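In this text, all values refer to a predicted model and were calculated from it rather than measured experimentally. Each chain gets a letter, A, B and so on, in the order the sequences are listed, and its residues count up from 1.
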There are 2 protein chains.
Amino acid sequence: MQFTKAEEYGILGVLYLVAKGGTAVTPLSEIAEAREIPEKFLAKIFQSLARFGIVRSYRGVRGGFALTRNPAEITVMAVLEAIQGPYHLLRCIPDPDHCDNTDRCALRDLLMVVEKGLVETFESHTLADLGEWEHAKGVTVI
Amino acid sequence: MQFTKAEEYGILGVLYLVAKGGTAVTPLSEIAEAREIPEKFLAKIFQSLARFGIVRSYRGVRGGFALTRNPAEITVMAVLEAIQGPYHLLRCIPDPDHCDNTDRCALRDLLMVVEKGLVETFESHTLADLGEWEHAKGVTVI
DNA sequence: TCGTTATGCAATTCACGAAAGCAGAAGAAT
DNA sequence: ATTCTTCTGCTTTCGTGAATTGCATAACGA
Ligand code: SF4
Ligand code: SF4
């Protein structure tokens, strides 16, 4: 059970936008360099985020990405789901037919509890929250 | 972020021992067949469990594995850590030197909260608990 | 019209999870 | 003693999916 790079980069990326304060349109090149993320990989991630309505893209000179909403309205969960789809620890959780044992498996029951806790934590924290944490530590954009 | 097969098989394996009621010495072949787990893979997992003192091994004819303690004294967390070492969602959590940004990263802070929740859930459930859940559903050993 | 930046796929690389293999040690049964 | 069983401790292989790169194209601003 491990947090993936895509998830990490995605969060760090939007957090960079938050740190810049809301609506500034920022090119991937800037984010990638500032946070040391492979640019093409970040592009892929941000395309998902754009499709999901977390960010909006602007092409051309002085284009880039910007948040579509107030950071306080975007939960970490939303970002994670945009990046890698519905969140599940095990296939059998969303798909009971995946295993012919789902209805009497205690492990599955436990993991559903665990997953619920996970989701609740990710849903109860918004980008604005994380932004404030950073701010309190004196993090600068560049 | 995904639960691994090794983790799943490990829990299912010890749960089989619990279902057999405590101290019965059971060969891997039986567990592997009953729960449809690749036997050699399970062997590797159980070797870790044995090293960690979760189970004890007996060689020779009518040998196999048995729990060392009462299921009520073995937490799910203990089993998971025996299988895959210290539990962390991201390298930078146990090892602050992994990234030169650990002291001002809000994502890391959040993941530490998440991880704490995870660990607490896994620690607050024992094998006996899971065994009872199964029992309540009428799960039989074979 | 030119340079910049995102878009959409394809292709590639790479790490690690997952699984299999095998020689050997330990032990029980006979 | 011998034999059969079962774990032990590697080594090796396999496969999937993560992680990364590449490229041709579209949109857009200057
Ligand atoms: S055995 Fe249990 S945990 Fe594993 S796939 Fe089936 S239901 Fe899920
Ligand atoms: S950027 Fe943050 S989350 Fe990523 S490795 Fe560094 S401290 Fe950990």
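OP1 or OP2 of D:dT6 has not a single side-chain nitrogen or oxygen of B:Ser57 nearer than 4.0 Å. When the side-chain nitrogen and oxygen atoms of A:Tyr58 are compared with OP1 and OP2 of D:dG29, none of them lie within a distance under 4.0 Å. Residue B:Ser29 places no side-chain N or O under 4.0 Å from the OP1 or OP2 atom of D:dT6.
Look at CD on A:Gln47: it is 6 Å from C1' on C:dG8, rounded to the nearest Å. Here the P atom of nucleotide C:dT7 and the CG atom of A:Leu49 are 11 Å apart, to the nearest Å. If you measure from atom OH of B:Tyr9 to atom P of C:dA20, you get 9 Å, rounded to the nearest angstrom. Rounded to whole Å, atom P of C:dA10 lies 14 Å from atom NZ of A:Lys40. Note: CD1 (B:Ile45) to C1' (C:dG17) measures 11 Å, nearest angstrom. Going from atom CZ of B:Phe41 over to atom P of D:dC7 covers 17 Å, rounded to whole Å. Straight-line distance from the CD1 atom of B:Ile31 to the C1' atom of D:dC7: 12 Å, rounded to whole Å. If you measure from atom CD of A:Glu8 to atom C1' of D:dA19, you get 13 Å, rounded to the nearest angstrom.
For B:Arg62, the CZ atom sits in a loose shell: 12 or fewer heavy atoms of surrounding residues, nucleotides or ligands are nearer than 6.0 Å.
Counting atom types as modelled, B:Arg59 pairs a side-chain N or O with a base atom of C:dA25 as donor and acceptor under 3.5 Å.
Contact between A:Ala106 and B:Leu130 at its shortest, heavy atoms only, is CB-O, 3.5 Å.
Of the two residues near DNA chain D, A:Glu39 and B:Arg51, the one whose nearest nucleotide lies more 5' is B:Arg51.
If you check every strand for non-hydrogen atoms under 4.0 Å, B:Phe65 touches sugar and phosphate atoms only. Within the nucleic acid shown, B:Ala6 comes within 4.0 Å of sugar-phosphate atoms alone, with no base atom in reach, counting heavy atoms only. Heavy atoms of B:Phe3 sit nowhere under 4.0 angstrom from any nucleic acid atom.
The shortest distance between side-chain heavy atoms of A:Arg69 and A:Ile54 falls below 4.5 Å. Within the 4.5 Å cutoff, side-chain heavy atoms of B:Leu42 are placed close to those of B:Ile31.
In this structure, the nucleotide among D:dG9, D:dG29, C:dT7 sitting nearest to the side chain of A:Val61 is D:dG29. Taking the side chain of A:Pro27 as heavy atoms from C-beta on, and the options D:dT8, C:dT5, D:dC4, the nearest nucleotide is C:dT5.
B:Val119 and A:Val113 are assigned to two separate hydrophobic clusters, defined by single-linkage of ILVMFWY side chains at heavy-atom distances under 4.5 Å.
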